[in-house]
Amino acid sequence: MMLKVYLTLSFLLGILLVAQAHGKEKEIGFYQLKRGDLKLNLTNYGATVVSVIVPDKHGNLDDITLGYDDIEQYKNDSWYFGALIGRVANRIGHARFTLDRHTYKLPANDHGNTLHGGFTGFSDVIWTVKGHKEDSYITFTYDSHDNEQGFPGRVEVAVTYVLIGRNKYAVKMIAKPVDKATPVNLAQHTYWNLGGQKSGDILSHKVQILGSKITAVDENLIPTGILESVKGTPYDFLKPRTVGSRVNELPGLYDVNYVIDGDKSRHLQKVVTVRENVSGRKLELWSNQVGLQFYTGGMLNATKGKDGAVYDKHAGIALETQGLPDSLNHPDFPSQIVRPGQTYNHYMLYRFTACC
Ligand SMILES: *[C@@H]1O[C@H](CO)[C@@H](O)[C@H](O)[C@H]1NC(C)=O
Ligand SMILES: *[C@@H]1O[C@H](CO)[C@@H](O)[C@H](O)[C@H]1NC(C)=O
Ligand SMILES: *[C@@H]1O[C@H](CO)[C@@H](O)[C@H](O)[C@H]1NC(C)=O
Ligand SMILES: *[C@@H]1O[C@H](CO)[C@@H](O)[C@H](O)[C@H]1NC(C)=O
């Protein structure tokens with residue numbers, strides 16, 4: 001009798017503990033990383049970067065990323081401010097693809113195409129905090145189930161933001177399919193304004209992108225399959241120049257994927273440098289990915305952001321390293337298919353300096 005009561009009690013306690021652990025998993029929180037003058041604020045909602053604070057050339061600290069003050073705004077966001085994008089970042093033409101002779105239909109959330117993982121991609125789910133040390137790193141994990149947003153198989157995803165030295169941080173994105181082959185293409189969608197998130201537009205930011213080709217696209221931004229030289233076009237940022245210098249020759253904005261130059265051995269290589277000359281801040285980004293989506297926030301309009309900021313057209317620059325868009329429907333682009341036993345591995349390294 002006593003034993004039975006004891007067993008029942010411990011069973012109930014067990015359920016309670018599991019329920020509690022589960023509830024805790026699903027709690028949304030804010031987490032800080034801090035070393036010297038470099039400070040990041042993150043949330044497990046979308047594995048999102050909420051703020052990045054770095055000094056300018058006089059040592060004044062400012063937040064240089066766009067974002068919101070509270071979670072409700074993140075849940076209502078349509079710009080992917082700071083978010084981690086998946087299972088497949090960027091566009092998938094006609095919201096479908098074929099893998100191992102099976103055609104998968106996906107949510108069409110962007111002019112008949114799939115954008116950034118569908119209606120509820122990795123940017124709109126609550127991640128688990130797997131480890132956090134304020135002066136060092138935070139790891140978010142997410143277990144994506146079979147058929148989530150139409151994608152095949154279960155995938156275990158881990159994203160780690162880690163401080164390196166006093167002015168660098170890395171983003172390590174890992175994904176492992178458990179039971180089926182699936183496409184994976186993750187991206188980090190922070191918008192930068194090196195003058196400070198309240199400082200207005202980024203047209204005077206000087207940009208250098210080490211990619212001499214872009215993936216040409218149709219009117220819905222789906223790649224045609226042609227890799228076009230940037231030579232002589234407003235897309236040529238091989239030599240540093242300001243975003244504003246040729247933006248008027250475009251239909252109003254930059255939203256384009258570069259093929260990054262250099263060897264394709266997937267070692268770390270320099271992708272882009274951005275400078276802002278009033279603050280003197282410079283951002284450099286290295287990655288092991290073949291592509292960079294370069295978006296200058298041309299569609300932003302009166303969005304209410306952090307600390308009273310209002311983000312209008314060109315308020316920030318997104319620098320999204322990733323595979324080439326719509327690779328699933330372009331067999332000649334580098335494959336984004338990952339099979340059980342294989343690991344998807346995406347590495348980004350940012351360095352922040354300020355001078356002169
Ligand atoms: C992180 O950002 C959230 C939302 O703006 C804020 O409530 C929280 O205080 C911030 N945490 C730190 C340590 O700055
Ligand atoms: C949600 O976003 C829409 C635009 O995307 C905006 O019009 C609306 O005011 C937002 N709602 C809240 C509660 O912030
Ligand atoms: C900053 O750069 C802009 C654009 O290149 C230029 O017009 C301006 O004179 C520069 N200002 C300073 C303080 O260097
Ligand atoms: C920006 O938003 C305002 C207010 O919602 C609207 O009146 C205006 O037409 C929008 N501008 C553009 C370029 O979409």
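Counting starts at 1 for both ligands and their atoms, following the listed order. Hydrogens, waters and symmetry mates are skipped; everything else that's a heavy atom, side chains included, is used.
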Quiz prompt | Verdict with supporting geometry, Asn220 and Arg91, side chain to side chain contact (heavy atoms under 4.5 Å, CB included) | solution = CA-CA 9 Å; Asn220 286 327; Arg91 291 174 179 82; over 6 Å; no
Quiz item: Which atoms from ligand 1 have a heavy atom of Asp69 less than 4.0 Å away?
Solution: 4 (C), 5 (O)
Quiz item: Taking only heavy atoms of Ser78, which atoms of ligand 2 are found under 4.0 Å from at least one of them?
Solution: 5 (O)
Quiz item: OG of Ser279 to CG of Asp56: how many Å apart, nearest 0.5 Å?
Solution: 6.0 Å
Exercise. Quick one: list whatever passes ring-ring contact (aromatic ring centres under 6.0 Å, His included) with Tyr235, sequence neighbours left out.
Key: Tyr254
Quiz item: Can you tell me if Tyr161 uses its side chain to pair, donor with acceptor, with the backbone of Leu40 under 3.5 Å?
Solution: no
Quiz item: Taking N or O atoms only and a 3.5 Å limit, does Asn76 qualify as a polar contact for ligand 2?
Solution: yes
Practice problem: Return the set of residues passing ring-ring contact (aromatic ring centres under 6.0 Å, His included) with His58 (not counting sequence neighbours), or none when no residue passes. | Solution: none
Self-check item: Asp143 side chain reached by His145 side chain, heavy atoms, under 4.5 Å
Solution: no
Quiz item: Pairs in or reaching into residues 221-234: which pass side-chain hydrogen bond (donor to acceptor under 3.5 Å, both in side chains), with residues at least two apart or in two chains?
Solution: none
Quiz prompt | Pair Asp326-Asn329, side-chain donor/acceptor within less than 3.5 Å | solution = yes
For ligand 4, which of its N or O atoms have a protein N or O partner closer than 3.5 Å, and how long is each gap?
from, atom 1, to, atom 2, distance (Å)
ligand 4, 2 (O), Asn301, OD1, 3.3
ligand 4, 2 (O), Asn301, ND2, 2.3
ligand 4, 11 (N), Asn301, ND2, 2.9
ligand 4, 14 (O), Asn301, ND2, 3.4

Quiz item: Are any of the N/O atoms in Asp70 less than 3.5 Å from those in ligand 1?
Solution: no
